[in-house]
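Below: one structure, written as structure tokens.
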Amino acid sequence: MKRRILPRKFYLQPTLDAAAALLGKVLVHETPDGTLAGIIVETEGYLGAEDAACHSARGRTPRTEAMFGPPGHAYVYFTYGMHYCFNVVTRPKGVAEAVLIRALEPLEGIEIMQRRRMVGNPLALTSGPAKLCVVMGIDRRLNAADLIRPPLWIEDRAIDACRVVWRPRIGISQAKEHLWRCYIEGNRFVSKK
DNA sequence: TATTGGATCGCC
DNA sequence: GCGATCCAATAG
């Protein structure tokens, strides 16, 4: 497979633009077990200081350090005592914004994914931010990892014709009014309808 | 040091 | 609707 890793410049664009632009791109993780890949079909923007739902809104902390760093790096955090979520850091260094990757359509290494997470329905494999971390092998070790080189990166891809829709973000208790979640309309792997 | 609640998920 | 499960952030 020819690699077309998204350049760091891609991650400098406004966060909501990046959230939409990431739809249809491919997240790839090279692991000892094999290469895992999935098409990004659902994302959410988290807009830093002005966004009460964003982890960085109340200032710089050890957890949010990666979000304050340079663009094109991972922000992986642990939550609910058992789940990881994966974000890509956007905007220049010092501007703590990110895009949460909420759902993938499995593309490569599906058997490995199924081994990592025993689940009957293949649609349930990657249709949520914590689920996709399990099957893609993403955990705290990849926090702050650079996404423009292996083992974890995002590839450009010829875009299939698709419509993007914007809806409220999921699972937050503040700033619920914003339509900062986007997904590929009609895609079966989106986490919720 | 103690308390609180969380960018979730799967089962009831 | 609810419990699991633990850690980060905040308050004391």
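Just so we're on the same page: letters track the sequence lines, and every chain starts at 1.
Atom P of nucleotide B:dT8 and atom CD of A:Glu44 are separated by 7 Å, given to the nearest angstrom. Rounded to an integer number of Å, the gap from OH of A:Tyr183 to P of B:dA7 is 21 Å. Rounded to an integer number of Å, the gap from NZ of A:Lys131 to C1' of B:dA7 is 15 Å. One can place CG of A:Asn121 at 12 Å from P of B:dC11, the figure rounded to the nearest angstrom. Distance, A:Tyr77 OH to C:dA9 C1': 15 Å, rounded to whole Å. Counting to the nearest Å, the C1' atom of B:dT8 and the CZ atom of A:Arg169 are 16 Å from each other. In this entry the distance linking CD1 of A:Ile170 with C1' of B:dG6 reads 16 Å, nearest Å.
For A:Glu111, the CD atom is loosely surrounded, since the number of other residues' heavy atoms within 6.0 Å does not exceed 12.
Side chain of A:Thr31 to main chain of A:Gly34: a donor-acceptor pair is present (N/O by atom type, distance under 3.5 Å, no hydrogens or angles). A:Arg188 contributes no side-chain N or O that, together with a main-chain N or O of A:Glu105, makes up a donor-acceptor pair within less than 3.5 Å. Judged by distance alone, the side chain of A:Arg181 and the main-chain N or O of A:Trp166 form no donor-acceptor pair under 3.5 Å. With A:Ser56 contributing its side chain and A:Ala96 its backbone, the two residues share a donor-acceptor pair below 3.5 Å. In terms of modelled atom types and a separation under 3.5 Å, the side chain of A:Thr43 and the main chain of A:Ala19 share a donor-acceptor contact.
Taking the P atoms as reference points, C:dT5 lies 23 Å from B:dA2, given to the whole Å.
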**Message:** Apply side chain to side chain contact (heavy atoms under 4.5 Å, CB included) to residues A:Leu152 and A:Leu27 and explain how you reach the verdict.
**Reply:** CA-CA 8 Å; A:Leu152 184 65; A:Leu27 177 65; 3.8 Å; yes
**Request:** Check step by step if ring-ring contact (aromatic ring centres under 6.0 Å, His included) holds for A:His55 and A:Tyr77.
**Result:** CA-CA 10 Å; A:His55 291 164; A:Tyr77 68 89; 4.6 Å; yes
Provide a list of protein-nucleic acid N or O atom pairs under 3.5 angstrom, restricted to nucleotides 3-7 of chain C.
residue: C:dT5; atom: O2; partner: A:Tyr80; partner atom: O; Å: 2.6
residue: C:dC6; atom: O4'; partner: A:Gly81; partner atom: O; Å: 3.4
residue: C:dC6; atom: O2; partner: A:Gly81; partner atom: N; Å: 3.4

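Which of B:dC9, B:dG6, B:dA7 sits closest to the side chain of A:Ile172 comes down to B:dA7.
Contact check, A:Ser173 against B:dG5: no side-chain N or O comes under 4.0 Å of OP1 or OP2. When the side-chain nitrogen and oxygen atoms of A:His55 are compared with OP1 and OP2 of C:dA8, none of them lie within a distance under 4.0 Å.
Within the 4.0 angstrom heavy-atom criterion, only backbone atoms of the sugar-phosphate kind lie near A:Ala130; the bases stay farther away.
For the segment residues 59-66 of chain A, the set of residues with a heavy atom within less than 4.0 Å of an atom of DNA chain C comprises A:Thr61, A:Pro62, A:Arg63, in numerical order. Annotation: proximity of residues 86-106 of chain A to DNA chain C (heavy atom, distance under 4.0 Å) is found for no residue.
With a 3.5 Å limit on both pairing distances and Watson-Crick or G-U wobble geometry required, the stems of 3 or more pairs in DNA chain B span B:1-6 with C:6-11, B:8-11 with C:1-4.
Annotation: the span from A:Leu123 atom CG to A:Ser191 atom OG amounts to 12.5 Å, rounded to 0.5 Å.
The salt bridge (Lys or Arg N to Asp or Glu O under 4.0 Å) contacts involving residues 118-138 of chain A comprise nothing, where partners must be two or more places apart or lie in separate chains.
One finds a salt bridge joining A:Glu44 and A:Arg102 here, because a Lys/Arg side-chain nitrogen approaches an Asp/Glu carboxylate oxygen to under 4.0 Å. In summary, A:Asp33 and A:Arg115 do not engage in a salt bridge, as defined by a charged side-chain N under 4.0 Å from a carboxylate O.
Under the 30°/60° scheme for interplanar angles, the aromatic rings of A:His83 and A:Tyr80 are found to stand perpendicular.
With sequence neighbours excluded, the residues satisfying side-chain hydrogen bond (donor to acceptor under 3.5 Å, both in side chains) with A:Arg60 are A:Glu65.
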